[in-house]
Amino acid sequence: MNNQHSETGLRRELKARHLSMIAIGGSIGTGLFLASGATVATAGPGTALLAYGVIGIMVYFLMTSLGEMAAYLPISGAFQVYGTRFVDPAFGFALGWNYWFSWAVTVAVELAAASIVMGYWFPGVPGVVWSGIFLAIVFLFNYISVKGFGESEYWFSLLKVITIIAFIVTGTLMIFGIMHGDHPAALEPGLRVFETGDAPFVGGLPAFIAAAMVVGFSFMGTELIGVAAGESADPATTIPRAVKQVFWRILMFYVLAILVIGLILPYNDPSLLKNGMEDIGASPFTLVFKRAGFAMAAGLMNTVILTAILSAGNSGLYASTRMLHNMAVSGMAPRWLGKLSANGVPRRALIATSLIASLCFLTSLSNNNSVYLWLLNASGMSGFIVWLGIAVCHYRFRRAYLHQGGQLHELPYRARWFPLGPLLAFAICMVVMLGQNYAAFTSSHIDWKGVVATYFGIPLFLAFWLGYKWFHRTRVVSLAEVDLAEGRV
């Protein structure tokens, strides 16, 4: 294989800076800018920080697991290939379609959110107009070239990173009294705010589980490095570097941002409980900037949040398109979807995925928030299933590699703490998955609508897995038969 094309014909044009920003762009979005306020409000700043720490450990192990496999076998749409080769073809089939579904629907969710955000400036314009415009924009970014997508995502993500850094710096200056903002004298920034009322730990274990769910959703997107691996230049070098950079940057941004919020805004501030897309003024970022004296804070954060949404939609369209293309090449999707353009872009898969993303237009037919939340729940479980799949695939990969005589020092990148890492990540992910909507079962009447929306991804995944397994009579691949050679750089 040369340095210009992967085994599926996709061009290797993404650099290390592109890979880092693609993962950051996919994972830093409304979860931090909006939902973080509700997390602090319901669980307290201490519990929120603990949740970010625990989920951060899980994501660290998942990232290193993915980094080891992707550096050794860099393939676009990696999860489907890893599941097929290292576990069972039926598992890979289900993992691939599950991931495609997750991101294709997430694109629709993000575009629906963008239309709601635009209502802040243009309340009289129907949301369907903005959804159509933004779908066209991210479609063109992905349609033109791989490098075009990488560059657009780089600048989208850079704006978010700059905003978070500015927020952390501003908050730190307020905490240490260097910048005197507009806040009640009785609640000057510092430990007094952090320990207000029942803080820092509020609500006990149920609140921690609820916070962990939100945090888990916030970190989703870090696995995009595995999808982009097949189009990265010099993957043996760029992927390990990107894995290290992405995890520590994201964890630093999230933990420091939550700490700043907890030291400036009391958890019982009524504004923190508002986390809908229409509540831009209630974003903890907006509230802190306002208290620092920035009068244009709401308008500024509205712009940043819109950029974050478009960034996530851009990354999601890329990820789902590559997954669909790779499945077509491997015979697990219609073959015609595997055709590439002259410049190496899977445009047929892109068009098919964009049609699914057009679900965002449903928001023009009903209440925006209800459709937005239903689509978010439907795709959320699928994201956790992909994380579980990464842990399973890595466990099988490492065992097969050693079984076939491989030497650990020969791996381009080696994940530490094996097998504890993938096993612990699997356990944490499973607990968070199953506990997502446990409250629906504890009330006097079970909320079946909420249960179906939340857990829909599990039976969908099982249907793909068991259906393919029954139809093709597949079996778990033995360690001796695991294919570790095809597709290597």
Side-chain angles (χ1 to χ4, degrees), residues 23 26-27 51 53-75 77-99 102-103 212-213 215-227 229 239-240 242-244 246-247 250-251 319 323 380-403 408 411 413-436 457-458 461-462 464-465 476-477 479 482 484:
S27 56
V54 172
I55 301 300
I57 291 173
M58 180 190 76
V59 172
Y60 170 75
F61 286 129
L62 290 172
M63 288 290 288
T64 55
S65 291
L66 183 58
E68 179 173 300
M69 294 185 292
Y72 182 88
L73 192 67
I75 295 178
F79 311 124
Q80 176 262 323
V81 177
Y82 297 159
T84 298
R85 291 194 190 180
F86 307 154
V87 185
D88 177 359
F91 186 76
F93 176 84
L95 206 58
W97 279 108
N98 172 83
Y99 194 71
S102 175
W103 272 111
M213 298 172 201
V215 174
F217 287 125
S218 299
F219 273 107
M220 284 183 180
T222 51
E223 79 288 338
L224 285 171
I225 286 179
V227 178
I239 292 175
V243 166
K244 295 175 184 177
V246 167
F247 171 74
I250 291 176
L251 185 62
M323 182 61 71
M381 180 65 75
S382 298
F384 275 104
I385 291 173
V386 169
W387 281 0
L388 283 175
I390 292 173
V392 173
C393 289
H394 179 229
Y395 182 81
R396 291 276 301 173
F397 165 77
R398 177 70 78 86
R399 290 190 61 198
Y401 180 77
L402 295 176
H403 182 81
L408 292 180
L411 289 171
Y413 173 75
R414 184 175 67 180
R416 297 180 179 180
W417 300 98
F418 184 90
L420 175 63
L423 292 177
L424 182 60
F426 182 93
I428 296 175
C429 195
M430 183 65 75
V431 170
V432 175
M433 271 180 55
L434 297 181
Q436 279 190 54
I458 294 178
F461 177 79
L462 292 176
F464 277 122
W465 185 4
V476 175
V477 182
L479 297 180
V482 166
L484 298 174

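Heavy-atom minimum distance, A212 versus A51: N-CB, 4.0 Å. S382 approaches S102 most closely through the heavy-atom pair CB-CB, 3.5 Å.
Taken from CH2 in W97 to CZ in F461, the straight-line distance is 14.5 Å, to the nearest 0.5 Å. Distance CH2/W387 to CD1/I55: 7.5 Å, rounded to 0.5 Å. A distance of 6.5 Å separates CE of M323 from OH of Y99, quoted to the nearest 0.5 Å. In this structure, the separation between NE2 on H394 and CG on L62 is 10.5 Å, given to the nearest 0.5 Å. Note: M69 CE to I390 CD1 = 6.5 Å, rounded to the nearest 0.5 Å. Taken from OG in S65 to OH in Y413, the straight-line distance is 9.0 Å, to the nearest 0.5 Å.
Using a 4.5 Å heavy-atom cutoff, the side chains of L408 and R398 are in contact. The shortest side-chain heavy-atom distance between N98 and W465 does not fall under the 4.5 Å cut-off. In this structure, Q80 and T84 have side chains that are in contact, with non-hydrogen atoms separated by less than 4.5 Å. Side chains of L388 and M430 form a contact here, defined as non-hydrogen atoms less than 4.5 Å apart. A heavy-atom distance below 4.5 Å is not found between the side chains of V482 and Y401. Using a 4.5 Å heavy-atom threshold, the side chains of L411 and E68 count as touching.
R396 is linked by a salt bridge (charged side-chain N to carboxylate O under 4.0 Å, His left out) to nothing, counting only residues two or more places apart in sequence or in another chain.
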List the atom pairs, donor and acceptor, that lie under 3.5 Å between side-chain atoms in residues 86-96 and the rest of the protein, sequence neighbours left out.
residue, atom, partner, partner atom, Å
D88, OD1, A90, N, 3.1
D88, OD1, T474, OG1, 3.0
D88, OD2, K469, NZ, 2.6

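Remark: aromatic rings of F397 and Y72 are close, center separation under 6.0 Å.
No donor-acceptor pair closer than 3.5 Å links the side chain of Y82 to the backbone N or O of G389.
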